[in-house]
K.L.:
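Provided herewith is a single structure, encoded as C-alpha cells, for subsequent inquiry.
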Amino acid sequence: ALNFAPDRADILYNLGNIRKRMDDDQAAQDAYRRAIEVDPNFVMAYNNLGTLLEQDGEHQKAVEVLLQGLELDHNHPMLRYNLGISQLEMGNLEEARDAFSHALRSRPGWIDALNNLGIVLQRFEQYEQARGVFEEILALSPENPRALNNIASILSQLGDFEEAGEYLRRSLKKIAS
C-alpha cells in the first residue's frame, strides 16, 4: 500500500491516519515512518507515530520519536502533551510534569493536559497544588467528572472522607447523566 505515493508525505500521512482508524497500527506506523523519510520536517507524522508507539506500550520509542519532532518545533503542544503521557507511563514524573506544563504554556486551559498535570502533582504528593489544577478544570468545565473524581481521591488521601464522598457523588451523578 505504501508504493502508490512514495514521494508524497501528505498522502502517506493520510494513509497512516486511515490505517489507524482501521485499527491497523503496524500499517499506520509504517506510513508515518515513510512520511517522515519523505519529509523529515513533517511534525505531525512524528506526533502520530509517537502516539501509536505509546498506545502499543513502546514508551521509550515513543519518547525518542516525540523528541525528534520537538527538535523541529520546540513548542508544539501536541508533541509536548504526548511526551508527557509517555513519560508518565514510564514513571518519569519530573519529565512528565515539565512536558504537561510546557504544553499548557502553548495551549492554556487544555483540560486533558491540566488533568494529567494534576495527576503528576498528586503522585508527587503535592496535594494542594494538584487540587488547584483540578479546580482550574472545574472553572473551565463545571462538574467535569474526572476533575471531581481526582479531587475526591486527593481528599481521601488527606483523610477528609466526608468531602471526598461528596465530590465522588457529584462525579458519579455527572457520569450517569
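Bear in mind the structure is a predicted one, so any value in this text is a computation, not a measurement.
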K.L.:
So does E162 have more than 12 non-hydrogen atoms from other groups sitting under 6.0 Å from CD?
P.N.:
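12 or below, so no.
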K.L.:
Examine the side chains of D25 and Q29 and answer whether a donor and an acceptor come within less than 3.5 Å of each other.
P.N.:
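No, because no side-chain N or O of D25 sits under 3.5 Å from a partner of the opposite role on Q29.
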K.L.:
Taking atom CG of N41 and atom CG of L72, what is their separation to the nearest 0.5 Å?
P.N.:
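CG of L72 is found 5.0 Å from CG of N41.
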K.L.:
In this structure, would V43 and M78 fall into the same cluster of hydrophobic residues linked by side-chain contacts under 4.5 Å?
P.N.:
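As far as the 4.5 Å side-chain criterion goes, M78 and V43 are not connected within one cluster.
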K.L.:
Can D30 and R33 be said to form a side chain to side chain contact (heavy atoms under 4.5 Å, CB included), step by step?
P.N.:
CA-CA 5 Å; D30 292 344; R33 282 188 180 95; 4.1 Å; yes
K.L.:
Suppose we screen for ring-ring contact (aromatic ring centres under 6.0 Å, His included). Which residues come up paired with F134, at least two apart in sequence or across chains?
P.N.:
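Scan of F134 (ring-ring contact (aromatic ring centres under 6.0 Å, His included), adjacent residues dropped) gives none.
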K.L.:
So, taking the atom named CG in N115 and the one named CG in N150, what distance separates them when rounded to the nearest 0.5 Å?
P.N.:
5.0 Å
K.L.:
With rounding to the nearest 0.5 Å, note down the distance linking CD in Q129 to CD1 in I154.
P.N.:
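Atom-to-atom, Q129:CD and I154:CD1 are 10.5 Å apart.
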K.L.:
Kindly write out the residues that satisfy side-chain contact (heavy atoms from CB on, under 4.5 Å) with K61, not counting sequence neighbours, or none if the list is empty.
P.N.:
L53, E58
K.L.:
Can you name the closest pair of heavy atoms from L138 and E143 and give their distance?
P.N.:
CD2-N, 3.8 Å
K.L.:
If you define the side chain from C-beta out and look only at heavy atoms, does anything of N149 sit under 4.5 Å from Y167?
P.N.:
no
K.L.:
Side chain of Y13, backbone of F42: donor and acceptor closer than 3.5 Å?
P.N.:
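No, the answer is negative, given that no donor and acceptor are paired below the 3.5 Å cut-off.
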K.L.:
Spell out, yes or no, whether F100 and L140 are grouped together once hydrophobic residues are joined by side-chain heavy atoms under 4.5 Å, including indirect joins.
P.N.:
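Yes; tracing contacts between hydrophobic side chains, which count when under 4.5 Å, links both residues.
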K.L.:
For Y32 and E37, run side chain to side chain contact (heavy atoms under 4.5 Å, CB included): C-alpha distance rounded to whole Å, both residues' side-chain angles, the deciding distance at 0.1 Å, then the answer.
P.N.:
CA-CA 9 Å; Y32 294 136; E37 286 175 20; over 6 Å; no
K.L.:
To the nearest 0.5 Å, what is the distance between CD1 on I137 and CD1 on I111?
P.N.:
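Between I137 CD1 and I111 CD1, I get 6.5 Å after rounding to 0.5 Å.
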K.L.:
Using the test side-chain hydrogen bond (donor to acceptor under 3.5 Å, both in side chains), find all partners of R97 that sit at least two apart in sequence or belong to another chain.
P.N.:
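Testing R97 for side-chain hydrogen bond (donor to acceptor under 3.5 Å, both in side chains), a comparison that skips the adjacent residues, returns none.
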K.L.:
Report yes or no: do Q87 and E94 form a side-chain donor-acceptor pair below 3.5 Å?
P.N.:
no
K.L.:
Can you tell me how far CG of N82 sits from CG of L52, rounded to the nearest 0.5 angstrom?
P.N.:
10.0 Å
K.L.:
When you compare the side chain of V65 with that of N47, does any pair of heavy atoms fall below 4.5 Å?
P.N.:
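N47 vs V65: side chains apart.
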K.L.:
Specify the closest pair of heavy atoms between G118 and A130, including all atoms of both residues, with the distance to one decimal.
P.N.:
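Closest heavy-atom pair between G118 and A130: O-CB, 3.5 Å.
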K.L.:
If you look at every heavy atom in V38 and A9, which pair is closest and at what distance?
P.N.:
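For V38 and A9, the tightest heavy-atom pair comes out as CG1-N, 3.8 Å.
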K.L.:
If you compare all heavy atoms of A28 against all heavy atoms of K20, which two are closest, and at what distance to 0.1 Å?
P.N.:
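Looking at all heavy atoms of both residues, the shortest contact is CB-N, 3.7 Å.
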K.L.:
Walk me through whether R131 and E128 qualify under salt bridge (Lys or Arg N to Asp or Glu O under 4.0 Å).
P.N.:
CA-CA 5 Å; R131 183 175 180 172; E128 290 306 316; 5.4 Å; no
K.L.:
Would you give the length of the straight line joining atom CD of Q122 to atom CG of N116, rounded to the nearest 0.5 angstrom?
P.N.:
11.5 Å
K.L.:
Mind checking whether I85 and L70 sit in one hydrophobic cluster, side chains of I, L, V, M, F, W, Y counted as touching below 4.5 Å?
P.N.:
no
K.L.:
Would you check if the side chain of S86 reaches a backbone N or O of L83 as a donor-acceptor pair within less than 3.5 Å?
P.N.:
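Such a contact is absent between S86 side chain and L83 backbone.
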K.L.:
Using the side-chain hydrogen bond (donor to acceptor under 3.5 Å, both in side chains) rule, collect all pairs that involve residues 62-76, keeping only residues at least two apart or in two chains.
P.N.:
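Listed by first then second residue: H74-R80, N75-H102.
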K.L.:
Check the pair M90, V63 against side chain to side chain contact (heavy atoms under 4.5 Å, CB included), reporting the backbone distance first and the verdict last.
P.N.:
CA-CA 10 Å; M90 292 191 314; V63 166; 3.6 Å; yes
K.L.:
Assess, by modelled atom type and distance only, whether the side chains of D112 and Y81 contain a donor and an acceptor separated by less than 3.5 Å.
P.N.:
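Result is no, nothing qualifies.
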K.L.:
Could you work out, with side-chain contact (heavy atoms from CB on, under 4.5 Å) as the rule, every residue matching L93, not counting sequence neighbours?
P.N.:
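Only L88, V120, R123, F124 meet the side-chain contact (heavy atoms from CB on, under 4.5 Å) criterion with L93.
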K.L.:
Of all the heavy-atom pairs spanning E54 and A62, show the shortest one and how long it is.
P.N.:
N-CB, 3.7 Å
K.L.:
Side-chain heavy atoms under 4.5 angstrom apart, residues restricted to Ile, Leu, Val, Met, Phe, Trp, Tyr: same cluster for F161 and L172?
P.N.:
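No, F161 does not connect to L172 through the hydrophobic network.
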K.L.:
Would a hydrophobic clustering, with Ile, Leu, Val, Met, Phe, Trp and Tyr connected at side-chain separations under 4.5 Å, put Y127 with L148?
P.N.:
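Yes; tracing contacts between hydrophobic side chains, which count when under 4.5 Å, links both residues.
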K.L.:
Minimum heavy-atom separation for P145 and S171, please, with both atom names.
P.N.:
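Scanning both residues, the minimum pair turns out to be O-OG, 3.0 Å.
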K.L.:
Identify, with sequence neighbours excluded, every residue that meets side-chain hydrogen bond (donor to acceptor under 3.5 Å, both in side chains) alongside S106.
P.N.:
none
K.L.:
Would you say the side-chain atoms of N144 pair up with the backbone N or O of A147, donor to acceptor, closer than 3.5 Å?
P.N.:
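Between the backbone of A147 and the side chain of N144 there is a qualifying donor-acceptor contact (under 3.5 Å).
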